[in-house]
Amino acid sequence: MPSDRILGLVALMTAVAFLAAATQIQTNFFSGEYLPKLFPIMIGAVAAIASLVIIFKPDPDPDWPRANTFAALGFAVIVLVGYAYALKPLGFLIPTAIAAGLLSYQISPRPGPAAMSGVGLSVGLFVLFKFILGLGLFAFPKGWIG
Amino acid sequence: MEIFSNLALGFGVALSPFTLMLAVAGCFLGTIIGALPGLGPSNGVAILIPITFTLGLDATSALVLMTSVYYGAMYGGRISSILLNIPGDEPALMTTLDGYPMAKAGRAGDALVLSGVASFVGALLATIGLMFLAPTLARVAFFFGPAEYFALYLLAFCTLGGMASNNQAKAALAACIGLGIAMIGVDSSSGLPRMTGGNLHLYDGIDFLVAIVGLFAIAEVFFFIESHGAGSSIGVKLEKVTIPWKDIFDTRWTMVRSSCVGFIAGILPGAGASLGSFLAYMTEKSIAGEKGGFGTGVPKGIAAPEAGNNAAAGGALVPMLTLGVPGSGTTAVLLALLMTLNITPGPTLFTERPEVVWGLIASLLIANFVLLLMNVPMVKIFVKILMVPPWILLPGVTMISFVGIYSLSGSYFDLLLMVGFGALGYFLRKLDVPTVPVILGILLGGNMEDALRRAMTLSDGDVTYLFSSPIAVGLWIAAIAGFVAPMFLRGVLRKPPAITD
């Protein structure tokens, strides 16, 4: 019950914010006064109604994972965000090996196989992408190669 | 006969060695994608799109590759249903009901072969149905104006929300999330940004591939971290594989009936393959009655959902090609592929680009025979691949997703968005909010708004114009019925519980 109420509340606030933003959409002579606003306002209205229904008729709660699993999920998100930032400046091999290894460890917590799958995936995928599919990836940071 | 000359054109395109090779590769990849639990068809096709794109394939080749993957995934889903009691994809859920008990009774090989043949019959009949029905529907679609298209898009969201989810409000909310995301970016008529919050990265809008890969592939990783990859080991032994001729012969009418049911379910915009396999199974179960023994591992219980699910996969291509409205999550992803390749599906596709349509249909026929050959004698290879442990598979899928999306734009911002969509997908699925309407919303939002705007411009802002033609009124009624009816039918349409050990 509470999960769905929170979902409904968050969705309702987003819908209201979306509606407010929709009324502020800039228009000009080409688009006419109301056409760019009409559809966003309709979407916002439907979303608001759906959120209210969810708040007042919530479903039973799902099985939420325990706090430490949530921490693991949060850590996975951080790994992926870090990977997104690292991919360009640090080249493909090192960030991929680290990120894949960490994810593997999180799914099955055994350090040895996790490290192996990280390095294996990194090298294997690099060969696949670079030499078989011909994508323009860099193996190492550009500074290393000179 | 027009159809034969068209088919000849299609085979002329599809029978080149390169295209054939793509079809075989696509079938192989697709079967693997379908078989691996946690890597469904929409997911798999979505990851492959950016990679196809960077390979520089032309439109026809890309389409052949991807539809072979699509058909292959529909075949592959049954393998893990039968051997692991885990559906490889959602439509294969019904196959677990009789497939797993039959495998446990020591007839795993028979179950795999029988379901492979049923898949073949379903997909073949559906492809033939597609050949005859699609051109006719394309002719009808010429009468569609903006009012009709707006109603049609609405119908897709309503049937999808009505049939495929447990809670109408949540389905509507999901559609709104998608449509709202589609509004982000520069407005086509005024040239001014909307809903970007001043962020320059958002001026081009959000690429649907980023959203699809995030919502499906990245979210899946989070689910595996939560469960630590439990429950994905093979519990059933697969001994020698022989062909159970008697079972195949006994289930011939079941296959034909289920194919028809599945095909019709597939055509409904938004309903898709899950509904097809469900209806096919339930129909056969009620025909067989109490004595049929459905749920205990009878051949008919395996043939029906597999024929239904593959027929629905073919049927779902009909609205996608003729109207530009996908009939399922995976066809939504295929639609995304078409849009990326600058092909606009719709009635004009059949007259302006016949080589694309008929090349596609011909390659579906070819793919089907390739898949039958792959899935009957070579089924053991796929069973081996199923043994790849999730702690290698899932990180691999993640890295492929990252490289795919990165190769689209070379921007870290898209990667961050993708991770964001992954987290969103995790919470939405936890809270039983369907994610397919989100995808459909992002894909169709622009077109739906265009239809509304043109309708409003033509009628000078008169709302009644939206209901001004019989076709439009019919679509509105169907949309409302499709959304409301499942609320009352939920008791009747309840899915039978899965078999537990």
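Protein chains get the first letters and strands the later ones, always in sequence-line order, with residue 1 at the start of each.
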Colleague: Taking all heavy atoms of A84(A) and all of Y412(B), pick out the closest pair and write down the distance.
Modeller: O-CB, 3.7 Å
Colleague: Taking the basic N atoms (NZ, or NE/NH1/NH2) and the acidic carboxylate oxygens, is any pair closer than 4.0 Å for K430(B) and D63(A)?
Modeller: no
Colleague: Could you check whether atom CG of N68(A) has more than 12 heavy atoms from other residues, nucleotides or ligands sitting under 6.0 Å from it?
Modeller: yes
Colleague: Is any side-chain heavy atom of V403(B) closer than 4.5 Å to one of F92(A)?
Modeller: yes
Colleague: Could you look at I218(B) and say if it's the side chain, the backbone, both or neither that has a heavy atom under 4.5 Å from chain A?
Modeller: side chain
Colleague: With only heavy atoms counted, which part of R110(A) is less than 4.5 Å from chain B, the side chain, the backbone, both or neither?
Modeller: side chain
Colleague: Atom CZ of residue position F467(B) - does it have more than 12 heavy atoms of other residues, nucleotides or ligands inside 6.0 Å?
Modeller: yes
Colleague: Of the listed residues (D4(A), L52(A), I43(A)), which shares the most heavy-atom pairs with chain B below a 4.5 Å separation?
Modeller: I43(A)
Colleague: Select one option (side chain, backbone, both, neither) describing which atoms of A15(A) are under 4.5 Å from chain B's heavy atoms.
Modeller: neither
Colleague: Find the distance between CE (M116(A)) and CH2 (W391(B)) and round it off to the nearest 0.5 Å.
Modeller: 7.5 Å
Colleague: Which atoms form the tightest heavy-atom contact between F39(A) and G445(B), and what is the distance?
Modeller: CE2-O, 3.9 Å
Colleague: Can you measure from OG (S108(A)) to CZ (F224(B)) and round to the nearest 0.5 angstrom?
Modeller: 12.5 Å
Colleague: Do you know the tightest heavy-atom contact between P390(B) and I107(A)?
Modeller: O-CD1, 4.0 Å
Colleague: Sort M42(A) into side chain, backbone, both or neither according to what part of it lies under 4.5 angstrom from a heavy atom of chain B.
Modeller: side chain
Colleague: If you count heavy-atom pairs under 4.5 Å with chain B, which of D61(A), I49(A), D59(A), V77(A) comes out on top?
Modeller: D59(A)
Colleague: What I'd like to find out is whether the side chain of I392(B) reaches to under 4.5 Å of the side chain of S104(A), using heavy atoms alone.
Modeller: no
Colleague: Side chains of P40(A) and E449(B), heavy atoms from C-beta outward: is any pair under 4.5 Å?
Modeller: yes
Colleague: Please tell me if the side chains of V433(B) and L7(A) come closer than 4.5 Å, counting only heavy atoms from C-beta onward.
Modeller: yes
Colleague: Between T14(A), V53(A), L38(A), I54(A), who has the most heavy-atom pairs with chain B when the cutoff is under 4.5 Å?
Modeller: I54(A)
Colleague: What part of L125(A) gets closer than 4.5 Å to chain B, counting heavy atoms only: side chain, backbone, both or neither?
Modeller: side chain
Colleague: Tell me, for L80(A) versus chain B, whether the close heavy atoms (under 4.5 Å) come from the side chain, the backbone, both or neither.
Modeller: both
Colleague: State the NZ-NZ distance between K170(B) and K57(A), to the nearest 0.5 angstrom.
Modeller: 11.0 Å
Colleague: Counting neighbours of CE on M21(B) that are heavy atoms of other residues, nucleotides or ligands and sit closer than 6.0 Å, is the number greater than 12?
Modeller: yes
Colleague: When rounded to the nearest 0.5 angstrom, what is the spacing between CD1 in I225(B) and OH in Y105(A)?
Modeller: 13.0 Å
Colleague: With the side chain counted from C-beta on, respond yes when P62(A) and L431(B) share a heavy-atom pair under 4.5 Å apart, and no when they do not.
Modeller: yes
Colleague: If I compare all heavy atoms of P36(A) with all of R453(B), which pair ends up nearest, and what's the gap?
Modeller: CA-NH2, 3.4 Å
Colleague: Can you check whether L87(A) reaches Y406(B) side chain to side chain, under 4.5 Å on heavy atoms?
Modeller: yes
Colleague: Non-hydrogen atoms of chain B under 4.5 Å away: do they reach the side chain of F129(A), the backbone, both or neither?
Modeller: side chain
Colleague: Scan for side-chain hydrogen bond (donor to acceptor under 3.5 Å, both in side chains) pairs involving residues 69-89 of chain A, sequence neighbours excluded, and state none if there are none.
Modeller: Y83(A)-T96(A)
Colleague: Counting only non-hydrogen atoms closer than 4.5 Å, does L452(B) touch chain A with its backbone (N, CA, C, O), its side chain (CB onward), both, or neither?
Modeller: side chain
Colleague: Considering non-hydrogen atoms only, spot the tightest contact between A50(A) and A169(B) and give its length.
Modeller: CB-O, 3.5 Å
Colleague: Is chain B contacted by the side chain of A48(A), its backbone, both, or neither, given a heavy-atom distance below 4.5 Å?
Modeller: neither
Colleague: Any heavy-atom pair between the side chains of L103(A) and L394(B) that's under 4.5 Å?
Modeller: no
Colleague: Please flag which part of Y426(B) lies under 4.5 Å from any non-hydrogen atom of chain A: side chain, backbone, both or neither.
Modeller: side chain
Colleague: With a 4.5 Å heavy-atom cut-off, do P395(B) and L102(A) have their side chains touching?
Modeller: no
